[in-house]
Amino acid sequence: MHARPARGAGRVVGTRVMGTLGAVALTAGLLSACGQEEPPTDAASSSSPAPTGSSSPAPSTPSAEPGTEEPGTDEPGTDQPGTDEPTPDESAGDGTDEGGDGTGQEPGDEASEDPGEDEKPEDGGTGQDEGDSTSDDNGDDKGDDEPEKPDHLQLGSSGERVGDLQQRLQDLGYFVTSVDGEFGSETQQAVFALQKAGGLYRDGVVGDVTLDAADRGVVPRAQTSSGKVLEIDIDRQLVLAVEDGRVVRVINASSGNGETYEAQGATYTAYTPRGSFAVYREVNRMHSSTLELGDMWRPKFFTGGIAVHGSASVPAFPASHGCVRVSNSAMNWIWDTWGAPSGTPVVVY
């Protein structure tokens with residue numbers, strides 16, 4: 001029970017007088033599936049000898065069945081995007097600030113001049129606190145300060161603008177197979193690749209800066225000038241399908257994260273070697289790691305146990321045990337459309 005302040009000398013606010021007895025004070029109580037897929041001796045016994053080049057016994061992360069898009073469970077989780085990235089593209093927030101009730105007064109600090117009278121509201125007797133939401137004359141409950149819908153595009157967005165984005169990405173060579181106006185995981189992978197190519201913040205959200213990169217036609221340049229080559233850009237985490245120096249596809253990728261891990265009693269480093277190699281072994285199915293690190297979709301091995309393979313989890317940052325992950329659909333394109341048979345050069349830089 002809270003006492004009202006009383007007027008007159010000698011009275012104590014918050015005190016109730018019981019006859020001629022003393023006052024009783026009232027107080028309130030408070031308050032992956034890859035890497036060294038096989039030991040080096042196994043790779044050496046392959047039907048086709050591994051090309052020269054440095055290799056590191058480092059497995060990659062397991063992947064789920066093709067077509068699923070669940071996050072991988074074998075990712076180290078220590079490399080988070082944004083720790084060494086450029087300034088973010090844009091905020092995904094709605095730009096509104098939280099406010100109070102508009103009265104500018106703390107609850108409970110008002111006092112009536114007359115202890116016997118209820119305090120009258122200042123708004124002319126409506127009995128409603130300032131700042132409360134009220135219905136207008138036509139019954140519409142929407143306030144004037146209702147936040148506007150964000151103008152950026154992201155996973156789950158749909159509509160004509162998404163379709164235009166997909167078409168633009170496809171025209172530039174980013175891996176997009178369907179222009180359907182639905183911002184799904186494939187479109188997000190392509191946006192990751194565009195942001196990586198442009199040196200932007202890798203969040204998969206398309207705002208003004210990312211749209212500008214698409215409008216300007218930002219695409220990575222090939223490092224080779226002749227032949228059909230699979231290029232792997234470790235710094236930007238991209239896989240490029242290159243023909244005679246022309247980039248025909250840009251694919252989001254995730255390589256070794258550089259951390260150490262243990263498998264079957266041995267310690268390995270999640271490292272993707274750089275150098276010039278060639279596809280020397282390919283498995284046209286889901287392939288299980290001999291180090292029991294998981295499965296790889298249609299891998300193409302290019303040195304030791306290191307392969308380019310499909311995965312259901314391809315983040316925008318390094319996360320594998322050493323192999324180079326791409327999406328399952330991108331791996332299907334490499335196999336079924338582009339080719340990359342045994343002997344195809346693989347340049348990692």
Side-chain angles (χ1 to χ4, degrees), residues 32-51 53 55-68 72-75 175 189 228-232 234 237-241 249 251-257 261 263-264 268 270-275 277-315 318-348:
S32 194
C34 189
Q36 182 55 42
E37 176 274 335
E38 301 182 27
T41 54
D42 290 350
S45 63
S46 172
S47 58
S48 299
S55 63
S56 173
S60 104
T61 337
S63 61
E65 290 295 331
T68 62
T73 58
D74 59 338
E75 295 179 19
F175 185 75
Q189 288 284 302
K228 191 173 184 178
V229 183
L230 198 61
E231 294 189 8
I232 300 173
I234 296 296
Q237 295 286 282
L238 294 171
V239 167
L240 311 179
R249 282 294 182 277
I251 303 171
N252 181 53
S254 178
S255 65
N257 63 9
Y261 64 95
Q264 296 183 343
Y268 301 93
Y271 170 72
T272 305
R274 301 175 194 242
F277 312 97
V279 175
Y280 75 92
R281 181 188 175 200
E282 50 189 355
V283 182
N284 192 13
R285 56 179 170 79
M286 187 69 79
H287 180 68
S288 297
S289 166
T290 58
L291 290 181
E292 300 178 353
L293 293 171
D295 298 331
M296 297 168 278
W297 177 241
R298 305 180 82 179
K300 287 182 178 286
F301 294 92
F302 57 89
T303 180
I306 306 296
V308 177
H309 70 81
S311 173
S313 175
V314 189
S320 83
H321 289 102
C323 282
V324 180
R325 300 182 196 173
V326 296
S327 67
N328 289 323
S329 58
M331 199 66 207
N332 288 339
W333 178 84
I334 291 174
W335 268 89
D336 304 330
T337 303
W338 198 61
S342 290
T344 300
V346 178
V347 178
V348 186

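- Residues I306 and P273 have side chains in contact (heavy-atom distance under 4.5 Å, counting atoms from C-beta outward).
- The aromatic rings of H287 and F301 stand perpendicular to each other, their planes meeting at an angle above 60°, with 30° marking the opposite boundary.
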Residue pair W297, H309: steps toward the side-chain contact (heavy atoms from CB on, under 4.5 Å) verdict: CA-CA 6 Å; W297 177 241; H309 70 81; 5.7 Å; no

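- Between D295 and R285 no salt bridge is recorded (no basic side-chain N to carboxylate O distance below 4.0 Å).
- Taking the salt bridge (Lys or Arg N to Asp or Glu O under 4.0 Å) definition, one finds that R249 meets it with nothing, sequence neighbours left out.
- Taking all atoms of both residues into account, the shortest heavy-atom contact from G305 to C323 is O-SG, 3.7 Å.
- Taking every heavy atom of both residues into account, A270 and S320 meet most closely at CB-O, 3.5 Å.
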Stepwise side-chain contact (heavy atoms from CB on, under 4.5 Å) check, V239 with E231: CA-CA 6 Å; V239 167; E231 294 189 8; over 6 Å; no

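- Minimum interatomic distance between T344 and L230 (heavy atoms only, all atoms of both residues): CG2-N, 4.5 Å.
- Counting only distance, with no hydrogens or angles, the side chain of S289 and the backbone of G294 share no donor-acceptor pair below 3.5 Å.
- Under the rule for a side chain to side chain donor-acceptor pair (under 3.5 Å), the partners of S329 that lie at least two apart in sequence or sit in another chain are S327.
- When every heavy atom of A312 is checked against every heavy atom of N328, the shortest pair comes out as N-ND2, 3.9 Å.
- Smallest separation of non-hydrogen atoms from Y268 and A263: CE1-O, 3.7 Å.
- In this structure a side-chain-to-backbone donor-acceptor pair under 3.5 Å is missing from S311 to V326.
- Looking at V346 and V229, their side chains never come closer than 4.5 Å, going by heavy atoms from C-beta outward.
- Of all the heavy atoms in A330 and I251, the pair that sits closest is CB-CG2, 3.7 Å.
- No donor-acceptor pair under 3.5 Å is formed between the side chain of W338 and the backbone N or O of A241.
- Proximity of F302 to I232: side-chain heavy atoms (C-beta onward) are separated by under 4.5 Å at one or more points.
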Trace of the side-chain contact (heavy atoms from CB on, under 4.5 Å) decision for R274 with I234: CA-CA 8 Å; R274 301 175 194 242; I234 296 296; 3.5 Å; yes

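- Residues passing the salt bridge (Lys or Arg N to Asp or Glu O under 4.0 Å) test with E282 are K300, sequence neighbours excluded.
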